[in-house]
Amino acid sequence: MLLRTRTTRVAAAAALGVALATGISGCAGDTPANGAHAELKDLPPQAFAERAATPGVVVLDVRTPQEFAAGHLPGAINVDVEAPDFATRIAQLDTSVPYAVYCHSGNRSAAAMQQMAAAGFTDLADLAGGITAWAQAGGTIVTG
């Protein structure tokens with residue numbers, strides 16, 4: 001009985017290892033609902049600035065409206081990831097265009113990108129270190 005249990009555990013561990021190595025797991029958090037694979041990037045401020053300046057890229061601030069009003073990146077739109085209507089609001093956005101997503105430090109934007117990827121967004125980039133890193137790098141911040 002001990003041998004059979006141990007063999008079963010070894011076989012289960014091996015199957016799990018193969019599944020993880022090939023990317024087959026029970027988590028669908030980074031695979032959009034439409035079956036396309038989301039491309040999630042974590043960019044330092046300079047690379048994020050280049051992406052944000054690219055025509056067609058939507059700059060998305062996922063902080064609270066109060067934080068947004070106190071200072072945000074030029075051209076950014078505000079959709080609070082912690083608001084109860086976040087899923088409804090992102091459902092109104094074009095899933096096929098590239099997004100440059102940021103928050104204060106990078107935690108909320110990572111959560112927002114996971115939700116966006118699950119909703120079918122395929123090209124998402126996060127500002128590593130958030131607007132804090134942006135400001136430290138000398139990036140422009142606008143108020144209002």
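- Between Pro45 and Leu127 the shortest side-chain heavy-atom distance falls below 4.5 Å.
- Taking each heavy atom of Val101 and Ala112 in turn, the nearest pair found is CG1-CB, 4.5 Å.
- When atom types are taken as modelled, the side chain of Arg51 and the backbone of Val59 share no donor-acceptor pair closer than 3.5 angstrom.
- Note that the CG atom of Leu93 and the OH atom of Tyr99 stand 4.0 Å from one another [nearest 0.5 Å].
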Report all side-chain donor-acceptor pairs from residues 76-84 shorter than 3.5 Å, counting only partners two or more places apart or in another chain.
unit_1 : atom_1 : unit_2 : atom_2 : d
Asn78  : ND2    : Asp61  : O      : 3.1
Asn78  : ND2    : Arg63  : O      : 2.9
Asp80  : OD1    : Glu82  : N      : 2.9

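- Residue Gln92 holds its CD atom at 8.5 Å from CG of Asp85, rounded to the nearest 0.5 Å.
- Looking at heavy atoms from C-beta onward, Leu124 lies out of side-chain contact with Lys41 at the 4.5 angstrom threshold.
- When all heavy atoms of Val62 and Cys103 are compared, the closest pair comes out as CG2-CB, 3.9 Å.
- Rounded to the nearest 0.5 angstrom, Met113 CE and Asp126 CG are separated by 4.5 Å.
- Neither Phe68 nor Val58 shares a network with the other; the hydrophobic side chains, linked directly or stepwise wherever heavy atoms of I, L, V, M, F, W or Y lie under 4.5 Å apart, form separate groups for each.
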Per-pair distances, 0.1 Å, donor-acceptor, side chain in residues 128-137, under 3.5 Å, sequence neighbours excluded:
unit_1 : atom_1 : unit_2 : atom_2 : d
Thr132 : OG1    : His104 : O      : 3.0
Thr132 : OG1    : His104 : NE2    : 3.4
Trp134 : NE1    : Thr140 : O      : 2.8

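- Looking at residues two or more places apart in sequence or on another chain, you find no ring-ring contact (aromatic ring centres under 6.0 Å, His included) involving Phe48.
- A side-chain donor-acceptor contact under 3.5 Å links Tyr102 to the backbone of Leu73.
- Closest non-hydrogen pair, Ala125 versus Leu43, comes out as CB-CD1, 3.6 Å.
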